[in-house]
Every structure is written in structure tokens, then in C-alpha cells.
Engineer: 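Mind having a look at this structure? Questions to follow.
Just so you know, these numbers use all the heavy atoms, side chains as well, and skip hydrogens, waters and symmetry mates. Residues: numbered from 1 along the sequence shown. Here the structure is a predicted model, which means the values were calculated and not measured.
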Amino acid sequence: HVQLVESGGGSALAGGSVRLSCAASGYTYNRNCMAWFRQAPGKEREGVARIYTGGGDTTYADSVKGRFTISQDNAKNTVYLQMNSLKPEDTAMYYCAADFPGRWWLALHAARYNYWGQGTQVTVS
């Protein structure tokens, strides 16, 4: 089965940086879509960024463009989310997600993904 494990969350000051990691195992297919979502208390789960591991194509939410960068290390089967210029509104539980490639128009829709990690908390103050 597919398993995703997030790490790297914690506290940071506004304007600071945090790097999240998502280690994947048990993939059926080498090429797939992996994404980061976040959810703050009382708010809807929001798609943050997505990457196609087969080619490196990326998609970002408007709220994080220019500040966050999603990247991959296929040798380690790991996806990263580099978060720069953090704002208090970035505070949320961040989740890693994965699924079959395709359906690019649903890249940042939570319902499109079948595999999820346990989440890692990021708090910005």
C-alpha cells in the first residue's frame, strides 16, 4: 500500500522559512501526482501546491505563488515544500497527498487524491 509521512513542521516568525518533507513508499507507479494541502481550524482544506513527479510540472495556489516552492528528489521518493516569507495566515496543518497522474484541472482539489499523510503543524507568529 501507499504510505506518506510528512515532517519538518514547527513554529516560525513572520517572514521566516520552513521546509516540509513528504516521504513516500509503496507506490504502484513510478510517475504520479503529489501535492500539499493545508487546513486551519474552522476552514476548508486548501490546495497549496502540486507536482507531477514524471516531469516536474507544478501548480500553485494564488495565495502562495512567489513564496512557496514544491520540489522533488525521486531517488529518495520525497517531495518538499519550501515555504518562504511566511505570514501568520499560513498557520495550518499541512498534509501531503498523492494519486495517479492526470486530471490536471483538479490538481488542487482535495477530493481528487486517494492517499494522504498524517499531517504536520506549521505555526507562524
Side-chain angles (χ1 to χ4, degrees):
H1 67 279
V2 175
Q3 189 167 31
L4 306 174
V5 180
E6 302 99 329
S7 62
S11 299
L13 297 175
S17 298
V18 170
R19 189 192 195 196
L20 305 181
S21 298
C22 175
S25 62
Y27 276 104
T28 302
Y29 302 95
N30 180 257
R31 294 176 173 80
N32 69 306
C33 286
M34 295 186 68
W36 287 97
F37 288 79
R38 65 185 182 185
Q39 187 167 24
K43 296 185 178 180
E44 188 77 10
R45 185 165 297 190
E46 174 190 22
V48 175
R50 181 225 60 165
I51 188 167
Y52 172 53
T53 61
D57 307 81
T58 59
T59 300
Y60 295 94
D62 289 340
S63 60
V64 306
K65 286 182 178 178
R67 299 190 299 120
F68 293 7
T69 302
I70 187 170
S71 61
Q72 63 180 342
D73 184 341
N74 286 343
K76 298 180 179 180
N77 208 12
T78 298
V79 169
Y80 305 94
L81 184 66
Q82 180 65 47
M83 307 164 65
N84 298 326
S85 302
L86 286 166
K87 304 175 181 179
E89 50 262 47
D90 293 320
T91 296
M93 183 72 75
Y94 283 73
Y95 298 91
C96 179
D99 212 330
F100 294 102
R103 299 187 292 279
W104 57 268
W105 59 96
L106 300 176
L108 300 180
H109 289 217
R112 176 248 188 276
Y113 295 89
N114 289 314
Y115 305 103
W116 293 84
Q118 81 288 347
T120 184
Q121 179 69 35
V122 174
T123 301
V124 184
S125 61

Engineer: Can you list everything that forms a salt bridge (charged side-chain N to carboxylate O under 4.0 Å, His left out) with R67? Sequence neighbours excluded, please.
Structural biologist: D90
Engineer: In the hydrophobic cluster built from side-chain contacts under 4.5 Å, what are the other members alongside W104?
Structural biologist: W105, L106
Engineer: Side-chain contact, heavy-atom cut-off 4.5 Å: V122 with M83?
Structural biologist: yes
Engineer: Tell me which donor-acceptor pairs under 3.5 Å the side chains of residues 41-49 have, and how far apart each pair is, sequence neighbours excluded?
Structural biologist:
{"residue": "R45", "atom": "NE", "partner": "Q39", "partner atom": "OE1", "Å": "3.3"}
{"residue": "R45", "atom": "NH2", "partner": "Q39", "partner atom": "OE1", "Å": "3.2"}
{"residue": "E46", "atom": "OE1", "partner": "R38", "partner atom": "NE", "Å": "2.9"}
{"residue": "E46", "atom": "OE1", "partner": "R38", "partner atom": "NH2", "Å": "3.4"}
{"residue": "E46", "atom": "OE2", "partner": "S63", "partner atom": "OG", "Å": "3.1"}

Engineer: Tell me which pairs pass disulfide (SG to SG under 2.5 Å) where either residue lies in residues 68-123, with sequence neighbours left out.
Structural biologist: C22-C96
Engineer: Side chains of S17 and Q82: closer than 4.5 Å at any heavy-atom pair?
Structural biologist: yes
Engineer: For F37, which residues count as a ring-ring contact (aromatic ring centres under 6.0 Å, His included) partner, sequence neighbours excluded?
Structural biologist: Y113, W116
Engineer: According to side chain to side chain donor-acceptor pair (under 3.5 Å), who are the partners of T58, at least two apart in sequence or on a separate chain?
Structural biologist: none
Engineer: For R50 and C33, what are the C-alpha separation, side-chain angles and deciding distance, and is it a side chain to side chain contact (heavy atoms under 4.5 Å, CB included)?
Structural biologist: CA-CA 7 Å; R50 181 225 60 165; C33 286; 4.1 Å; yes
Engineer: Decide yes or no on side chain to side chain contact (heavy atoms under 4.5 Å, CB included) for R112 and D99, but give the supporting numbers first.
Structural biologist: CA-CA 8 Å; R112 176 248 188 276; D99 212 330; 3.1 Å; yes
Engineer: Pair F68, L86 - check side chain to side chain contact (heavy atoms under 4.5 Å, CB included), show working.
Structural biologist: CA-CA 9 Å; F68 293 7; L86 286 166; 4.0 Å; yes
Engineer: Starting at CG of L20, measure out to OH of Y94 and round the result to the nearest 0.5 Å.
Structural biologist: 7.5 Å
Engineer: Rounded to the nearest 0.5 Å, what separates atom CH2 in W36 from atom OG1 in T120?
Structural biologist: 7.5 Å
Engineer: Any non-hydrogen side-chain atom of E6 less than 4.5 Å from a side-chain atom of L4?
Structural biologist: no
Engineer: Measuring only between side-chain heavy atoms, which start at C-beta, is Y60 closer than 4.5 Å to L108?
Structural biologist: no
Engineer: Under the criterion side chain to side chain contact (heavy atoms under 4.5 Å, CB included), I'd like the reasoning laid out for I51 against D57: C-alpha separation, chi angles, the key distance, then a yes or no.
Structural biologist: CA-CA 6 Å; I51 188 167; D57 307 81; over 6 Å; no
Engineer: Do Q72 and Y80 come within less than 4.5 Å of each other through their side chains, counting heavy atoms only?
Structural biologist: no
Engineer: Quick one: CE on M34 to CG on L81, what's the gap to the nearest 0.5 Å?
Structural biologist: 11.5 Å
